[in-house]
Trainee: 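Next up is a structure, given as C-alpha cells.
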Amino acid sequence: MNSRIWLIKSEPFKYAWENMLADGRTFWDGVRNHQAKNNLLEMRVGDFAFFYHSNEGMEIVGIVQVVREAYPDPTATEGPWVVVDVEPKLSFETTVSLAQLKADPICSGMALVRQSRLSVSPVTESEFNRICELANLNPAGFV
DNA sequence: GCCAACGTTGGC
DNA sequence: GCCAACGTTGGC
C-alpha cells in the first residue's frame, strides 16, 4: 500500500456525506488550524481519507480519495491556508462510531480520539485495516 | 447546556 | 517571552 491514509471531519449540517456524494468532487475548505493545514500539505493524489461526521452522528461514514494536492484556499482572504480536492470513493454500509473506536484497543490511540479538535488527522496502516474490519470492508477491494 | 482541550490575542 | 483572558471545537 503506497497511499497514506487520513481522516477528515465535517459537521453534517454544514457539509454531510450526502453533499459529498451529490457533488462528486469538492475542495476541502475552511481549515484554519496549522496542524490540520500541515496534514493537508502532506496529502498526495491517490491518498485515501475517512470521512467523519462530527458533532452529529460522530461516526465514519465513507472514504474519499485525494484528486488534487494542496493549493491556496479560495475562501481564505489572507493567511497560508490551503485546500485539497477530494472525490467520494465508497460509502460505508456499516458505519464506524467514535464509541467503537474509543473502545477498540487499536483505534483508541487514534489522533481523532486523542485530539478531538483536529479536523484533518493522519491514520496509521493498522488503524486503517482495523477500521475496514469494523466496517466489514475488504481493503484489497479498493486500495 | 456544560465543560475540557487547545489555539490565539494582548498586556506586561 | 510569559501568561491570563478569551474564543472555538466538539464530546458528553
Side-chain angles (χ1 to χ4, degrees), chain A residues 1 3-139 142-143:
Chain A
M1 185 170 68
S3 305
R4 294 192 60 185
I5 310 294
W6 309 91
L7 183 143
I8 57 179
K9 300 204 286 197
S10 185
E11 300 180 58
F13 62 88
K14 284 185 186 161
Y15 193 84
W17 179 243
E18 289 69 29
N19 301 109
M20 181 80 252
L21 289 175
D23 288 347
R25 174 177 180 148
T26 193
F27 54 86
W28 201 255
D29 68 322
V31 170
R32 296 293 182 270
N33 168 285
H34 290 285
Q35 210 179 333
K37 180 206 69 179
N38 288 338
N39 289 331
L40 287 180
L41 288 171
E42 284 188 36
M43 288 188 187
R44 294 295 170 259
V45 169
D47 283 3
F48 294 103
F50 290 116
F51 192 109
Y52 173 81
H53 277 164
S54 62
N55 245 305
E56 288 174 22
M58 295 191 289
E59 59 187 4
I60 299 173
V61 292
I63 295 183
V64 298
Q65 191 163 28
V66 177
V67 291
R68 183 177 170 187
E69 289 167 19
Y71 60 98
D73 186 339
T75 69
T77 52
E78 59 177 26
W81 309 116
V82 298
V83 297
V84 297
D85 286 1
V86 294
E87 280 179 2
K89 182 73 181 176
L90 67 87
S91 299
F92 281 12
E93 288 175 24
T94 307
T95 58
V96 180
S97 70
L98 179 64
Q100 279 178 280
L101 296 174
K102 284 185 137 174
D104 186 87
I106 294 169
C107 294
S108 60
M110 286 178 68
L112 172 74
V113 177
R114 284 182 292 107
Q115 248 180 299
S116 66
R117 288 184 52 198
L118 186 58
S119 60
V120 181
S121 58
V123 176
T124 67
E125 193 169 344
S126 52
E127 289 160 357
F128 171 75
N129 288 328
R130 181 64 181 138
I131 291 167
C132 287
E133 208 176 316
L134 293 170
N136 291 317
L137 294 172
N138 179 7
F142 59 91
V143 172

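First the proteins, then the strands, lettered A, B, ... as listed; each starts at 1. Only this structure's heavy atoms are used, side chains among them; waters, hydrogens and symmetry mates stay out. None of the values given here were measured: they were computed from a predicted structure.
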Trainee: Take the protein atom CD of A:Glu59 and the nucleotide atom C1' of C:dG10, then report the distance between them rounded to whole Å.
Mentor: 15 Å
Trainee: When you measure from the side-chain N and O atoms of A:Tyr52 to the phosphate of C:dT9, is any distance below 4.0 Å, counting only OP1 and OP2?
Mentor: no
Trainee: Where the side chain of A:Arg117 is concerned, which of B:dT8, B:dC6, B:dG7 is the nearest nucleotide?
Mentor: B:dC6
Trainee: About how many Å separate OG1 of A:Thr94 and CD1 of A:Ile60, when rounded to the nearest 0.5 Å?
Mentor: 12.5 Å
Trainee: Can you measure A:His53 atom NE2 to C:dG10 atom P for me and round it to whole angstrom units?
Mentor: 13 Å
Trainee: Is the shortest distance from a Lys or Arg side-chain nitrogen in A:Arg130 or A:Glu133 to a carboxylate oxygen in the other one below 4.0 Å?
Mentor: yes
Trainee: Rounded to the nearest Å, what distance is computed from the CZ atom of residue A:Arg32 to the P atom of nucleotide C:dG10?
Mentor: 14 Å
Trainee: Under 4.0 Å, counting only non-hydrogen atoms across every strand here, what does A:Leu118 touch: a base, just sugar-phosphate, or nothing?
Mentor: nothing
Trainee: Measure from the side-chain N and O atoms of A:Asp47 to the backbone N and O of A:Arg4, and report whether any donor-acceptor pair falls under 3.5 Å.
Mentor: yes
Trainee: Using whole Å, report how far CG of A:Leu112 lies from C1' of B:dA5.
Mentor: 14 Å
Trainee: Can you check the A:Leu101 CG to C:dC12 P distance for me, whole Å?
Mentor: 11 Å
Trainee: Rounding to a whole Å, what distance do you find between A:Lys37:NZ and B:dC6:C1'?
Mentor: 17 Å
Trainee: Roughly how many Å is it from CD1 in A:Ile60 to P in C:dG10, rounded to a whole number?
Mentor: 15 Å
Trainee: Any donor and acceptor pair, going by atom type alone, linking the side chain of A:Arg25 with main-chain N or O of A:Glu87 inside 3.5 Å?
Mentor: no
Trainee: In whole angstrom, give the distance that lies between atom CZ of A:Arg114 and atom C1' of C:dG11.
Mentor: 16 Å
